[in-house]
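All heavy atoms count here, side chains included; hydrogens, waters and symmetry mates do not. Heads up: numbering here begins at 1 and tracks the sequence.
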Amino acid sequence: MIKFYSCEEEGIVERERWDPHYWINAEAPDEDDRETLRKLGVPQSFMENLADMDERPRFEREDGWLLTIVRIPHSNRADRLGFATVPLGIMTKGDIIITVCAIESQLIPDFIDHCNRRHISVDNQPDFVLRIIFASTYWFLTYLKDINSTIEEYTGNLIKGVSNDILLNLMELQKSLVYFNTSLQGNSMLIQRLDKVFEADCDADLIEDVEIELSQATNTVNVYMEILSNSMDTFASVISNNVNNVMKTMTSISLILMIPTLVASFYGMNVDVWFGTAPQAFLFIILFSFGVSGLAWCILHRKGWL
């Protein structure tokens with residue numbers, strides 16, 4: 001779906017049709033939307049690159065167009081574990097600004113609402129790219145809070161009892177944090193090269209604000225990754241310790257049961273055995289076997305094996 005916006009002094013205003021100097025936003029574009037972009041001269045290779053969900057943040061030039069690929073966070077609200085990052089392409093040529101994303105993201109509506117509430121006017125293309133990255137950082141931090149609360153809930157459930165499903169869910173969250181960390185590092189690389197690529201002076205204060213937010217988001221990701229990694233290692237140790245305790249108990253029980261079996265095996269031989277002809281031999285053998293087994297149980301119990 002394509003929408004047209006104009007950047008006014010009071011903010012960003014949606015328009016019914018496109019005019020020069022307008023911003024074109026295409027989310028989840030269909031074939032008609034792609035045809036509209038082709039008529040504006042957008043290179044086909046740019047559209048193919050943006051269709052690849054694994055594209056890394058970078059700059060690319062072709063036929064006078066500049067493509068800036070930014071990684072933005074995305075969450076599938078139907079799935080609590082559906083945290084990922086997707087590429088958002090910002091294509092510029094002359095006064096034309098086009099953004100393309102393969103999915104419908106919450107970032108663009110929030111970006112427009114933020115500009116309108118703060119009466120922010122986007123003066124030039126570098127500032128537009130910077131503000132998009134700034135908006136993506138806000139959503140990174142928002143989703144990181146959701147991830148952290150989910151991790152705390154799952155770890156609390158694991159304390160009550162180990163579940164394979166919870167461990168697998170924590171592993172999925174760990175993968176999401178890795179994706180976030182990689183995307184934030186890529187976006188930081190774009191900031192460092194922005195001046196040279198656009199060959200224009202960028203707002204130094206805005207760059208500093210974006211760098212601070214990116215640094216905060218990166219540090220937050222690293223902290224959550226460390227916490228989750230340590231939690232996973234701890235629960236792995238707990239599981240291993242539980243298995244060892246079970247095996248120790250089973251071994252102790254096997255040892256106790258082996259004593260009557262061993263005595264019965266000796267007296268089951270077809271040879272003369274001591275006390276084998278006594279009238280009370282059977283009762284004595286039974287009492288002796290259980291007595292030794294009871295002694296073994298007491299010893300193992302005092303050692304904490306049972």
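In terms of hydrophobic clustering, with Ile, Leu, Val, Met, Phe, Trp and Tyr side chains grouped at heavy-atom distances under 4.5 Å, Leu130 and Val197 are assigned to a common cluster. One hydrophobic cluster holds both Tyr138 and Val210 under the rule that ILVMFWY side chains link at heavy-atom gaps under 4.5 Å. Ile97 and Met1 end up in different hydrophobic clusters when Ile, Leu, Val, Met, Phe, Trp and Tyr side chains are linked at under 4.5 Å. Linking Ile, Leu, Val, Met, Phe, Trp and Tyr residues whenever their side-chain heavy atoms come within less than 4.5 Å leaves Ile212 and Val129 in two separate clusters. Hydrophobic clustering, with ILVMFWY side chains joined whenever heavy atoms are under 4.5 angstrom apart, groups Phe180 together with Val223.
When all heavy atoms of Ala217 and Leu144 are compared, the closest pair comes out as O-CD1, 3.9 Å.
Here the CZ atom belonging to Phe288 is positioned 9.0 Å from the CD1 atom belonging to Ile259, to the nearest 0.5 angstrom. Taking OG1 of Thr68 as the reference point, atom CD of Glu60 lies at 10.5 Å (rounded to 0.5 Å). Taken to the nearest 0.5 Å, the CG atom of Asn25 stands 9.5 Å off from the CD atom of Glu14. The OG1 atom of Thr36 sits 10.0 Å away from the CD atom of Glu31 when rounded to the nearest 0.5 Å.
When the shell of 6.0 Å around CZ of Arg302 is examined, it contains 12 or fewer heavy atoms from other residues, nucleotides or ligands. Arg193 CZ: 12 or fewer foreign heavy atoms inside a 6.0 Å radius.
You'll find the side chain of Ile191 stays beyond 4.5 Å of the side chain of Asn187, heavy atoms only. Contact check for Val263 versus Phe290: no side-chain heavy atoms found under the 4.5 Å cut-off. Side-chain atoms of Phe140 and Thr85, non-hydrogen and from C-beta on, do get closer than 4.5 Å to each other. Residues Pro260 and Ser293 form a side-chain contact, since some pair of their non-hydrogen atoms from C-beta on lies under 4.5 Å apart. At least one side-chain heavy atom of Ile132 sits less than 4.5 Å from a side-chain heavy atom of Ile108. The side-chain heavy atoms of Arg71 and Pro87, taken from C-beta on, include a pair separated by under 4.5 Å. Looking at heavy atoms from C-beta onward, Ser231 lies out of side-chain contact with Leu170 at the 4.5 angstrom threshold. For the pair Phe134 and Asp209, the minimum side-chain heavy-atom distance is below 4.5 Å.
Electrostatic pairing of Lys93 and Glu62 does not count as a salt bridge here, judged by no charged N lying under 4.0 Å from a carboxylate O. With salt bridges taken as basic N to acidic carboxylate O contacts below 4.0 Å, none links Arg131 and Asp127. Using a 4.0 Å cut-off between a side-chain N of Lys or Arg and a carboxylate O of Asp or Glu, Arg34 and Asp32 do not qualify as a salt bridge.
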**Message:** Could you go through Leu214 and Glu211, starting from their C-alpha distance and side-chain angles, then the distance that decides it, and tell me whether this counts as side chain to side chain contact (heavy atoms under 4.5 Å, CB included)?
**Reply:** CA-CA 5 Å; Leu214 283 172; Glu211 288 178 341; 5.6 Å; no

**Request:** Quick one: do Ser237 and Asn241 satisfy side chain to side chain contact (heavy atoms under 4.5 Å, CB included)? Show the steps, please.
**Result:** CA-CA 6 Å; Ser237 299; Asn241 185 60; over 6 Å; no

**Item:** side chain to side chain contact (heavy atoms under 4.5 Å, CB included) between Ser105 and Leu88, worked out
**Value:** CA-CA 10 Å; Ser105 171; Leu88 171 68; over 6 Å; no

**Message:** One pair to check against side chain to side chain contact (heavy atoms under 4.5 Å, CB included): Asn49 and Arg58. What are the steps and the verdict?
**Reply:** CA-CA 11 Å; Asn49 291 338; Arg58 58 188 173 85; 3.4 Å; yes

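Using a 4.5 Å cut-off between side-chain heavy atoms of Ile, Leu, Val, Met, Phe, Trp and Tyr, Leu50 falls into a hydrophobic cluster with Ile2, Phe4, Trp18, Tyr22, Ile24, Leu37, Leu40, Val42, Phe46, Met47, Trp65, Leu67, Ile69, Met91, Ile96, Ile98, Val100.
Under the 3.5 Å distance criterion, with hydrogens and angles disregarded, no donor-acceptor pair is assigned to the side chains of Gln185 and Thr218.
A tilted orientation is assigned to the rings of Trp139 and Tyr143, their planes being inclined by 30° to 60°.
Every residue two or more places apart in sequence or in another chain that forms a side chain to side chain donor-acceptor pair (under 3.5 Å) with Glu35 is listed here: Arg38.
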